[in-house]
Every structure is written in C-alpha cells, then in structure tokens.
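All remarks here apply to the structure that follows.
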Amino acid sequence: MNKLRTKLALILMTVVGCSVLAAGLFMALMMERSHLRTLQDSMKREINIILSALDGGAEPFARKDAAYFAEKARIFGTSNGERVTFIAADGTVLGDSDTDAAAMENHLGRKEIREAEAAGIGFARRHSETTGMDFLYAAVPVEEGGSVVGYVRLSISLDEIDQAIVRMWSVLLSGLLIVFVLAGLFSYRAAYRLTRPIEKITQVARQISNMNYKSRVYLSNRDEIGQLGEAVNAMAASLQNQMHRIMENENRLFGVLDNMSSGVIMIGGDGQIALVNRSAEEILISSADAMVGKRFDSPAAKLPYELVRLLERSIEKGERIRDEMVVHVPEECVLEVHIAPMRSEDEWLGLVAVLHDITGIRRLEKMRSDFVANVSHELKTPVAAVKGYAETLLAGAMNDEETARSFLNTIYEESERLNRLIGDILELSKIESKRAPLFFSPVDLSELIGKTLEMLGSEAAKKRIALSMHVEEHLFIEADEDRLRQILLNLLSNGINYTPEGGNVTVSAEAVEGEGDEPEKIRIIVSDTGIGIPKKDLPRIFERFYRVDKARSRSSGGTGLGLSIVKHLVELHNGSIRVESELDLGSRFIIELPLLQS
Ligand code: ADP
C-alpha cells in the first residue's frame, strides 16, 4: 500500500540527505583548510618575529653557536608555548626548545627544510613518534650574503586543531541529522500531497469500473493532477450519459418486448437462451428465469420438443423458418413459429424465435366451419321435406284434396321451421358480431316478466302449465329491455316445451349483494318441473345446435339455438348464466346480471 508515496519520500530523503551530506563535507574540508592556512600564516609571522628578535643576526648560524641557540630556543619556546628549532645550513640542529639539540639527528632531509631551501618557506605535517601527536612544521631559511646559513623552524601541535575539527564534525553531523529528520518529514509530507490526489483519482476510477458512474473526483489542485481529475470527471459524466442512454434504450426495448402479444425467444451464438419475453412465458407456461442461461435443447430449458426440433432445423440450414405446430404445455396449444437466424458478416449470433398462440384463431375457424356444417345440416332436413312434399303434390297428390291439404300443411310447418331457423341464425350472428348495439335503460322487472308471461299464456294453457312469478314490485335493472325479454322468452319457451302437461314454470327475480368488491346484482331464476337435463349434457346445452333429445326438440319446434342466444345476450349484459337440473324433476336456469351497467 502507498508504494508510490513511500518511494517518493525515500527518493526525496535520499536526495536531500546526499545534498546536505555533500554540503557538510565540503564545508568541513573548507573550514579545515582555511584553519591550516591561518595557522601557517601566523607561524610564518612568528618566525619572522623570532628572526628579527635574534640579536646576533645570521652570524651565530655560520658559527654554529649551539649555546647561543639553546638559550634562544628556551626563550622563544617558552614565550609562546611552541617548539622552536634552530638548524644550521648543513642540517645540524643548533638549538631546540623542547629537546637537547645535540641528541637530535640531522634535519636537512626534513620536508619543511627542503621546501624552505627551495621556496623560501616550507611547511610539513607529521606525526611525532616521540609525543604521539600530529605536528605542523614551518621553516624559513636565514640568509647572509645571498647564501643560506641556517633555518628557523617552528612547530605547533595540531592536537587542538584536530579536536576543534572533531567538535566541528560532531556539530555538523548533529546538524545534518536534524536536517535529515526535517527533510524526511518534509519529504513524506510532500509525497503525501503529491500522491493523495492520485489515490483519490484511483479510488474514483475503481468506483467507475464498478459501475458507480455518479462518483466524482473533488480536487483543489490546478496542476496536471487537477487536470487529470477533471478529465476523469468528464469521462465519468460521459460514461454516465452513455449508460443512461443505453439503459433508456434497453428499457424501451424491454418495454416493447414485454408488451408484445407475440412471444419472443432469443438464443445466443453459444446455444444458450438469452432472452424470453413475458408473452413467451405465458405461451410456454414457464418463467424466463427458469429458461434464460440454459441451452435451448437441454431438458432443463423445458422447451417443447417440436419447437426444439424447429430451432435445430433453422440452425442446421441457417435459414428462416415459418411453421405451425401443436404443442402440449401441458394443454394443447397451436403455435405459429417464425425463426430467424441472426448473423453479422460471417459471425453466427444466434436466432430469434417469434411465437404466436393461434389456438383461439384455429378454434374459431373450426367453430365457423362446424357452424356452417351444422347450419347446412339443419337446413337440409326442412328443405328436403318441403321439396319432397312439393314433388309428391306435383306428381299427382294435389288431386286428392285431403292429401294435398295435409301435405301443404307440412310444407307450411317446415317452411315456418326454416324461417325460425334462419331467424335464429341471423340473430345469433348479429349478436356475436356485436353489430346490434345494446341500449341500456332502467327496466321494471316485475312489469317485464308479467308481460312476457302474458305473451306465453295461451301456449302454456294448451299444455295446462301453470305460469307464475315471484318478483317484488318496482324492482329495476339497467338493461336492454328487448334483449332481456328475448332471454326470458327463450328460457320460458324451453320451460313450457320441456315440461309435461300439468306442470309449473316459475320466474323469480331478486336483488343480491355482490361478493367482495362486486357491485349489487339481480338474480333471475327460471325454473320448471319438466323432464330435466342429464348431468352429462349440462356442460354442452349452451352450444349451438346442441340438443339433448333431437326428436323432441324438433317436434317442439326448437332450433337448438335458443340457449346459445340466451348465453350471448347475458354476456353482453356483463352477466352470467348457469343451470341446475335433476332428471324428471325439473331445471333451474339462474341468471345474474349487474344492477347497473358500467
Ligand atoms: P331448442 O330449440 O332445441 O330448445 P335450446 O338451445 O333452447 O334449443 O336448448 C338446447 C337443449 O337443451 C334442448 O334441445 C333441450 O334438450 C335442452 N333444454 C333446454 N331447456 C330445457 C328445459 N327447461 N328442460 C329440459 N331440457 C331443456
């Protein structure tokens, strides 16, 4: 962690440390050198003073007056605390302030003497074995008449100077240490200031890569790092914008896909189901979660076998396929399937299958063709009868008046039947196609039922069937009066037709509370004490042309369409109809209609 910061701090500390160390070393050397120079200057001055203070001049040198120089050496040596040595031109030591001159070896070979002879003054620095200390020597030649007669040598212990230099070094090193620590602190601070914005930018970049496009860099820097932060912010804003646009497009796409009535299944290039829209879920009765991500041909995807075969065919041939198939999911369902392979240049991207549930359409088509067959069949019998009787009449039967009358009567009855049949077919088709709009108005039920019963009075009387009603007065309902009358007429006619002589047919109507949030309803019950309907036929009696007993229906003049018309009319009133029946005991048709139409 913070590697860059540590690296930077170390680099800065090294640079500062080296610079300070180099400066310190340079300073120390300079100081030592200037110290020596000052010392040399002062030694030179002191030798000159000694020379000028020698009362005998150069002459004692020429004489090699050891006693004289021993005395002088003692005086000068003790007066300024330095060692003074007088040396003859041949190197013989004539006097020395510290040591007995006679015991000292020849000094001509000494560096300072050789330098003094050559350059007029000589310096040397040496370690003295005698004292175990470093000494600085300075020698000046004494001349007489142009030739060197001797030398005056001054030596001084460098011990003090060395100590001073050591002191200076320790002060310098402590100073350096303090400077180094300060430099370290400063370097760390500088590295922190430099790397902190970079860390912030890195953090934001990481958040952006984790799809947090709202993340921004907040920096006060106006330098290159500040500009980098601004660039990152601009990049995040642009990404946010683009992502927003992508999401918007995606939402639109999913909105369209999910609200399509067609089922859409997309299979990726790897054969895995990539997308399943809501309609496809409904058609296949399976959830998208259970299908997406699975291979389309794996049992886990649970796609109908026929569809899998078709998809495989499309992949094999690489071409569009349109087909119709019957699948069981688990109920029988007719599907129209369009499969289109997706490619981009030479790359295989998968395929899209669009499913249409055409079960309803196919059922309707079947119903239509069945209806046409049924109608033709229903029409055939009366037409054949009319034709047969007319032919017989023409063949001569019309000459016999009684036979002719009977035949004509039958022809009339059959044509009546035909008329009723055609009337009912037209009525049903009108109701089904919703060509005849309903006109809702408040209807007084007791009045309507009373009048309807009156209309059927004579028919009921023929069979001695008692008609009765139980309806409270002024019970109103919002309905289409004519259609409601037709419903009652059809049900009451059936009641009279399918009730043996002496029976009862009753109509009752009452208001009932709707269940839950449902509005108030009116329940109308038409019941009879007739022959009843077998249990097995109950579910089918509202189908067109369905009759329990064909012969009986025909003889009663029924068309097989009455209940079908009733059911449609009830549904147009947003109501429901059901039947309860006991064989040989009677039937109850229960209609529930909303009190008010919305
Ligand atoms: P139909 O014109 O033959 O009466 P409907 O559609 O009115 O045709 O009735 C269908 C069939 O339902 C009838 O053929 C009859 O078998 C049966 N059905 C209808 N109403 C009754 C009833 N009240 N009692 C017994 N059977 C009935």
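In this chain, residues are counted from 1 in sequence order. Just so you know, these numbers come straight off a predicted model, no measurement behind them. Read the numbers this way: they start at 1 and go in the same order the structure lists the ligands and their atoms.
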Which residue and heavy atom of the protein sit nearest atom 5 (P) of ligand 1, plus the separation: L563 N, 3.6 Å
Whether the T559 and D424 side chains hold a donor-acceptor pair (N or O, under 3.5 Å, no angle test) is what I'd like checked. yes
Looking at ligand 1, is there an atom of it that comes within less than 4.0 Å of some heavy atom belonging to G530? no
Measure from atom 7 (O) of ligand 1 to every heavy atom in V579, I541, N494, T559 and give the option owning the shortest one. N494
Could you identify the single nearest non-hydrogen protein atom to atom 4 (O) of ligand 1 and state the distance to 0.1 Å? Y498 OH, 2.9 Å
Selection from V548, D537, D424 by shortest heavy-atom distance to atom 16 (O) of ligand 1: V548
Any cation-pi pair here, R578 with F589, using under 6.0 Å and within 45°? no
Atom pair CG (L438) and CZ (R483), whose distance is rounded to the nearest 0.5 Å: 6.0 Å
Going by the ring pair (Phe, Tyr, Trp, His ring centres under 6.0 Å) test, which pairs reach into residues 431-465, not counting sequence neighbours? F440-H573
For atom 3 (O) of ligand 1, what is the closest protein heavy atom, and at what distance to 0.1 Å? S553 OG, 2.5 Å
For atom 26 (N) of ligand 1, what is the nearest protein heavy atom, given as residue, atom name and distance? I533 CG1, 3.3 Å
Quick check on F542 - does any of its heavy atoms sit under 4.0 Å from an atom of ligand 1? no
R216-Q207 side chain donor-acceptor pair, cut-off 3.5 Å: no
Which atoms of ligand 1 sit under 4.0 Å from any heavy atom of Y546? 10 (C), 11 (C)
D289 and S287: side-chain donor and acceptor closer than 3.5 Å? no
So if I count the atoms of ligand 1 from 1 in the order they appear, which ones are less than 4.0 Å from some heavy atom of G562? 5 (P), 6 (O), 7 (O)
Does a side chain donor of either S279 or S261 reach within less than 3.5 Å of an acceptor in the other side chain? no
Strictly by ring pair (Phe, Tyr, Trp, His ring centres under 6.0 Å), give each pair with a member in residues 287-339 just once, sequence neighbours left out. H338-H356
Judged on heavy-atom distance to atom 23 (N) of ligand 1, which of D528, D549, T529, I565 sits nearest? D528
For G560 and ligand 1, does the shortest N/O to N/O distance drop below 3.5 Å? yes
